[in-house]
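A short worksheet on the structure shown next.
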Amino acid sequence: MTSEYFIVLGIIGVAFFAISGALLGHEKNINGFGIVVVGVMTALGGGTLRDLLLGKPIFWVDSSEYLLATYSAIFVTVLFIRYFPSPSNFYFILIDTVGLAIFNVIGIEKALISGTGMIVALTMGMTTGIFGGLMRDVVCREVPYVMRGDVYASACFAGGLTYAALFALDIPYIWCILGSIGVTVLLRIASLHWGVNVDLFRKRTPRQQKKESSTE
Amino acid sequence: MTSEYFIVLGIIGVAFFAISGALLGHEKNINGFGIVVVGVMTALGGGTLRDLLLGKPIFWVDSSEYLLATYSAIFVTVLFIRYFPSPSNFYFILIDTVGLAIFNVIGIEKALISGTGMIVALTMGMTTGIFGGLMRDVVCREVPYVMRGDVYASACFAGGLTYAALFALDIPYIWCILGSIGVTVLLRIASLHWGVNVDLFRKRTPRQQKKESSTE
Amino acid sequence: MTSEYFIVLGIIGVAFFAISGALLGHEKNINGFGIVVVGVMTALGGGTLRDLLLGKPIFWVDSSEYLLATYSAIFVTVLFIRYFPSPSNFYFILIDTVGLAIFNVIGIEKALISGTGMIVALTMGMTTGIFGGLMRDVVCREVPYVMRGDVYASACFAGGLTYAALFALDIPYIWCILGSIGVTVLLRIASLHWGVNVDLFRKRTPRQQKKESSTE
């Protein structure tokens with residue numbers, strides 16, 4: 001039963017990330033098949049790293065549904081963008097966040113099943129969630145979202161803690177998943193709309209002029 | 001017999017990519033051993049990722065011929081550049097494309113031998129071909145070739161389809177390989193010389209001013 | 001006994017790289033948990049790649065001490081920076097170099113234990129030492145240290161050769177390690193302070209004007 005959730009969730013997450021990759025590739029005016037490359041990389045990057053780290057067979061090599069979902073999502077996105085005006089940045093971030101939240105949960109769960117401790121599992125969840133988008137941003141020469149001021153890794157981490165807490169309280173499995181995804185998505189959206197910011201590690205040293213130039 | 005083709009092809013491909021890495025490193029004015037690092041990364045990156053994904057032992061860890069070929073190619077390139085004027089961009093692209101075409105075929109073949117389906121195999125071929133050059137471009141802070149306007153991933157994909165078609169028609173093995181490599185190289189060179197462009201996914205939305213700045 | 005050295009050395013190296021990642025992340029004005037992501041990536045990147053390449057279980061998935069050391073080092077660094085003025089660039093480079101030297105030795109040793117030849121082992125050492133810092137620099141959008149003019153990969157390689165030479169001379173194990181680390185650190189620091197430079201591969205072609213713009 002667990003593994004069925006995995007497959008459905010995984011396919012949804014892969015499709016969301018593929019869309020986000022295709023959207024950013026389009027934004028960056030990448031032609032030809034380059035946009036497919038960005039989409040595939042975003043969709044499969046995080047999960048691939050997770051499976052490599054856990055020593056499991058790579059999920060998309062094992063069964064080709066994930067690749068089909070990825071290619072379909074990219075194709076539909078490209079068609080959509082051709083005939084409709086480009087979606088606003090808010091939708092891009094929403095799609096990116098849902099992918100992040102889903103992969104975070106899958107990463108944690110897969111790590112726990114492999115028998116790792118909770119600290120390794122939380123790290124694995126963040127790795128799975130963040131890595132695909134990070135590759136997308138690096139290859140597209142964007143400042144990675146993880147590195148910007150807004151809540152990103154923190155939302156992911158909070159989602160992971162939610163999962164761990166609900167799991168420890170013996171809540172039914174499906175609610176652990178939905179709770180974790182909900183917390184991640186809400187935190188990130190809230191942070192963008194109401195400017196709620198986690199500034200635990202904000203730079204405080206009085207080098208304002210340096211600060212301005214180095215974040216350019 | 002198959003595996004002999006592999007080794008020879010693999011060594012040729014590795015050497016071509018090593019040269020392309022050393023050339024770009026030199027172009028970027030990288031001194032010391034940094035140029036060796038770029039060359040090694042370009043030469044071994046794609047095949048390493050392929051072997052990781054397929055769960056096989058890494059090719060250059062298994063037998064050191066690949067490393068010797070890589071280091072020799074870098075060394076010869078560096079010597080050549082010291083005493084002769086720097087080669088034109090055309091040769092750089094030709095060398096890069098031959099490496100791409102060869103690794104594409106090897107990736108497809110290795111995936112098929114591992115028992116994957118054709119869609120996974122084609123993805124694996126593109127991964128193997130593209131990833132080394134992508135790392136080279138990211139580390140050298142170039143816009144990756146995959147992301148530029150010209151035919152790159154499309155040529156790679158066309159080469160893969162050629163291989164699959166010839167393979168399905170029971171053409172002798174050596175012709176599958178040569179046909180696929182030929183299609184990839186010809187498409188890319190043709191696209192550069194006559195401006196043949198695959199614009200399936202060209203951006204059409206009327207945001208010209210944004211477009212100019214975002215591709216900078 | 002060997003494996004005890006490994007664990008202690010590994011934890012020290014991981015902590016040093018985590019600090020260097022947190023420092024650069026702070027320098028780049030990354031808020032929230034982004035700084036944790038950079039630190040973790042720097043600390044674990046090189047060793048993770050090494051274990052993947054050698055087909056071993058990933059060191060930080062196996063035992064969570066490494067993760068604890070990483071998180072602690074990042075946390076202490078962040079606290080330190082909040083209340084004290086930011087350390088000078090010299091300390092950053094010193095910390096980075098010690099991490100490089102330690103991971104270089106561990107990479108060589110782990111490869112040799114896996115039964116690879118010396119040329120593969122030296123490459124593996126450089127991979128282990130360089131890759132974490134390279135990811136840090138790419139994600140923070142810095143010119144990677146490997147790509148700059150100063151001695152970096154050369155110092156790493158010299159440390160590897162020292163290790164190989166001492167090993168061949170049957171010197172006690174601990175001196176092989178210390179000798180290799182010492183050579184790497186001294187070479188890099190010396191190169192920075194007295195401008196000693198390894199210019200084996202310096203660009204000589206008379207394209208000065210191109211050179212200026214391409215290194216921008």
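In what follows, chains are A, B, ... by sequence order, proteins preceding strands, each numbered from 1.
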Portion of [X] that has a non-hydrogen atom of chain A nearer than 4.5 angstrom:
{"X": "B/Val138", "answer": "side chain"}
{"X": "B/Leu53", "answer": "both"}
{"X": "B/Thr123", "answer": "both"}

*With B/Arg50 as the cation and B/Phe103 as the aromatic partner, state whether NZ or CZ is under 6.0 Å from the six-membered ring centre and within 45° of the axis.*
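Cation-pi check for B/Arg50 and B/Phe103: fails.
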_Reference residue B/Thr70; test side-chain contact (heavy atoms from CB on, under 4.5 Å); the match among B/Ile19, B/Val36, B/Val40_ =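 Result for side-chain contact (heavy atoms from CB on, under 4.5 Å) with B/Thr70: B/Val40.
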*B/Tyr66 and B/Phe59 aromatic ring geometry - parallel, tilted or perpendicular at 30°/60° bounds*: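 Rings of B/Phe59 and B/Tyr66: perpendicular, as their planes differ by over 60°.
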_Part of A/Val37 within contact of chain B (heavy atom distance under 4.5 Å)_ =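 The side chain, not the backbone.
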*Provide the closest heavy-atom pair for B/Arg141 versus B/Lys28 in the form atom of the first, atom of the second, distance.*
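Residues B/Arg141 and B/Lys28, closest heavy atoms: O-NZ, 4.2 Å.
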